[in-house]
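So that the names make sense, note that chain A is the first sequence line, chain B the second, and so on, each numbered from 1. Being a predicted model, the structure only gives us computed values, none of them experimental. Just so you know, these numbers use all the heavy atoms, side chains as well, and skip hydrogens, waters and symmetry mates.
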Amino acid sequence: MKHIKIWSLLAMAVVAMTSCGGGSDDNDTPNPPAGGGVTVEKLAGEWHLTLFDSNKQGGDVYISFAADGTFELYQLAYNAGYDRYTGRFSLENGSVLTGVYSDNTPWATSYACSIDAAGTTLILTGQNSDGIISYYTKSAIPDDVKNSIITKAAATDQTRWL
Amino acid sequence: MTKCKFSWIALAALLLASCTTDPQGGAIVDSPEAAIAKKLIHTSDNAVTGELILYVNDDAARSLEAVCAAEPMATRSGVSDIDEVLYEIGATSIERLFVVDPRHEERLRARGMHRWYVVRFDESQDLDRAAMSLARLGAIERVEFSQKIERTDWGEPRVVDLEELRAATRADNLPFNDPQLVNQWHYINTGDPYISSHARAGADINAEAAWALETGNPDIIVAVLDEGVDYTHPDLAANMWINERELNGATGADDDGNGYEDDIYGYNFVSDGAISWNDPEDKGHGTHVAGTVSAVNNNGVGVCGVAGGSGKSDGVKIMSCQIFVGKANNLASTVRAIQYAANNGACILQCSWGIETGAYTSDSAFASVYSSELEAFEYFRSAKNCAALDGGLIVFSAGNNSGAMSGYPGAYNNIISVTAVSADGLPAWYTNYGPGCNVAAPGGDEYEDTKTRRSSVLSTLPGNRYGYMDGTSMACPHVSGIAALGLSYALKLGKTFTVDQYKALLLTSVNDINSYLTGTRQSYKVMNLADYRGKMGTGTIDAFQVLMGVRGTRCVPVTTGSQQTVNLQNYLGGGNLGIKFSSIEIAPEDMARLGIAENPVIFGNNMLITCTKPGSIIIKVNMIAGGTSAGGGASIGGMFITKEMALVARPKHASNGGWL
């Protein structure tokens, strides 16, 4: 009985660990589907960030993934205009996305990724204790965004972050 | 401030010193005369003669309504002791200050605004004596002097023959085909020496980048409280607000029942009739500021306006609320104009005028007793006429006395007050600066380069003319126009703001001016630029930044696990803003979410914060916009604003700032 009780406790702990989101303990945020099965073909296209760690405000981000392993990213986040980044990405085992910017800066972390069955929702979950879950919806990058790129000279000091 | 003459008010002030002690040994109470003097709003200095504004009690209001209903040109109130005074001062009329508009009467009455009356009387009567006589009556709760106001332009307009100016060519590569856009450095400044040998590229409102995203929306109505706007001007006509029911109604009739007859493009509240612009003392001031807000863009003619559209009848609309006819103006006209703007759809009040600088030096002096003007401002602020904004926005010019403070009403703590810079990006010689000033915009300065004299603001003038003017009067409509442009973009994106959120957005969408304020500037006089540092408001307004602020919330990155020192200036506007941070607010559940054990601390421009968990939350950054202390009460100062920002806490960020 004692052993059964211990195994039950362990089983409960495993269930609890696998059902927690990364940095979010918000019960309203849907848990990402199980990883795997993502291909470059499914990933290719333009995506718009719609939810970042349960926060709909902040960080207007568009990402375009190409079949040749390159990406283009537009972000309205830390500056008074959109910053544009480019680089290369790779997809490992159909579930882990890593990347490096064109200036050889690696991404902050790698991301577990999944795409829903309809192919319209991309979910990225930060790895390496990042744990932030981001939801992207398949959406063309608007001209307004492409017309709002600020020049590097106009951006504030980029050494402000690590 | 003009020297005070001995007056009944001075007597009352002396009597204030003769407060008596309660015979029971309790608190000191005012003497009767002192108590009466407390009912007075403003002073007779610089006040219109033969006019006073009264706030009456409910009983008197009921009586007055009955009399005025029966006698359209009433000279009595139906209350015997009031009527005795009205007779003594030779009253020629008494009528409700805020007109009856059945669509809004219930809201107005709920605010008690139906109790304001304007009495006009023999102008030879001593104004102070008349005021005190009325203030002594128990039925009269407040007596307000009708303060004169003045336009805040400098000098006379310089009419130009556009043929004499260089016109734009294809090589200029401008976004619109208006031939004089090339000379409107205040929108797009290329540093062209044709404008001024001191012109600095980028010293403008960044209109070109903004116009790529938004040019205006005719659902946005800007009320221009000023001289009459020439609504026939070819470069304005298509963007004038039109009261369709009056346009299609009968002449001499109040077709829409809003209290005014034939108010097709607005109304002339001074003359109580048709909008005019031909008084010998008129300067074209109203037409000029209207052109800055919304001259028709891309029509192949003349000039551009900040929110003048793209050539498809899509500019924001101008409502002409005339409060000047030549030198004539009065408080009742101004108050009614504000009410009219609120009642007929305007969401921005554009006010390039004010009371003589220095007449008031604190908010409490300006608002010691709640005035009809403050009442009207609040009425406008609470009017929801734009789907993107939960109320009305009020923008004033700071004044042109080279004074070390803003003039009022602009200086009042919740009104935006605009200072002026020129084509060199530096303060114009005439601009007020310092406490009460919130933001800077192009106002021009013809003395920047006395050879070209083209560093003034170019806009429309009555009679199908164009011309240059200088002043915080010209700076103010740049801010109104940008506010209108931002709301147009908000409508397009389906975004909504409270008035306070939108003011914070506007005042933090600016570029650094303080870094340029060293050395001297030669203009009409030699200016020591260090005198202006930190005193021009938060910075020079940037239309593109406003649109980006409408589009998304600015983010602040922090790394989890250890205390972070974050320079918040790096995440506001173009950096180095004229603001003082006061505190950070975070909801308790969000503090728990990111494992923030203690409230972040503000130290200068820095936020000290420790997050132990990754995630993203919204923080509220409280700050003073313009100056180091907030206005209000016994102070004149900056505006207290709160800006929401998104805190992005992660164990690691990409070192180049990339999102992934």
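Between B:Tyr502 and B:Phe497, the ring centre distance stays below 6.0 Å. Taking the six-membered ring where the residue is Trp, the centroids of A:Tyr85 and A:Trp107 are separated by 6.0 Å or more.
Between A:Asp68 and A:Arg88 no salt bridge is recorded (no basic side-chain N to carboxylate O distance below 4.0 Å). Here A:Asp130 does not pair with B:Lys652 in a salt bridge; the nearest charged N to carboxylate O distance is not below 4.0 Å. Classification of A:Glu72 and A:Arg84 as a salt-bridged pair holds, one side-chain N sitting under 4.0 Å from a carboxylate O.
Chain B forms the most heavy-atom pairs under 4.5 Å with one residue out of A:Ser110, A:Pro142, A:Pro106, A:Gly81, and that residue is A:Gly81. Interface check for chain A: of the options B:Asn511, B:Asp542, B:Thr553, B:Leu660, the most heavy-atom pairs under 4.5 Å are formed by B:Leu660. Interface summary for chain A: among B:Arg551, B:Met645, B:Glu589, B:Glu214, the most heavy-atom pairs under 4.5 angstrom belong to B:Arg551. Comparing A:Asp144, A:Leu73, A:Asn147 by how many heavy-atom pairs each has under 4.5 Å with chain B, the most go to A:Asp144.
Inspection of non-hydrogen atoms places no residue of residues 203-211 of chain B under 4.5 Å from chain A.
B:Lys495 is linked by a salt bridge (Lys or Arg N to Asp or Glu O under 4.0 Å) to nothing, counting only residues two or more places apart in sequence or in another chain.
Contact of A:Asp60 with chain B is made through the side chain alone, with heavy-atom distances under 4.5 Å. Heavy atoms of B:Leu547 lying under 4.5 Å from chain A are absent altogether. Neither the backbone nor the side chain of B:Val558 comes within contact range of chain A; no heavy atoms are under 4.5 Å apart. Of the atoms belonging to A:Leu124, it is side-chain heavy atoms, and not backbone ones, that fall under 4.5 Å from chain B.
When all heavy atoms of B:Trp659 and B:Arg650 are compared, the closest pair comes out as O-NH1, 2.9 Å. Considering every non-hydrogen atom in both A:Val96 and A:Cys113, the closest pair reads N-SG, 4.4 Å.
Of the N and O atoms on the side chains of B:Thr508 and B:Lys643, at least one donor lies less than 3.5 Å from an acceptor on the other residue.
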- Show your reasoning for whether side chain to side chain contact (heavy atoms under 4.5 Å, CB included) applies to B:Thr540 and B:Val510. CA-CA 5 Å; B:Thr540 49; B:Val510 297; 5.6 Å; no
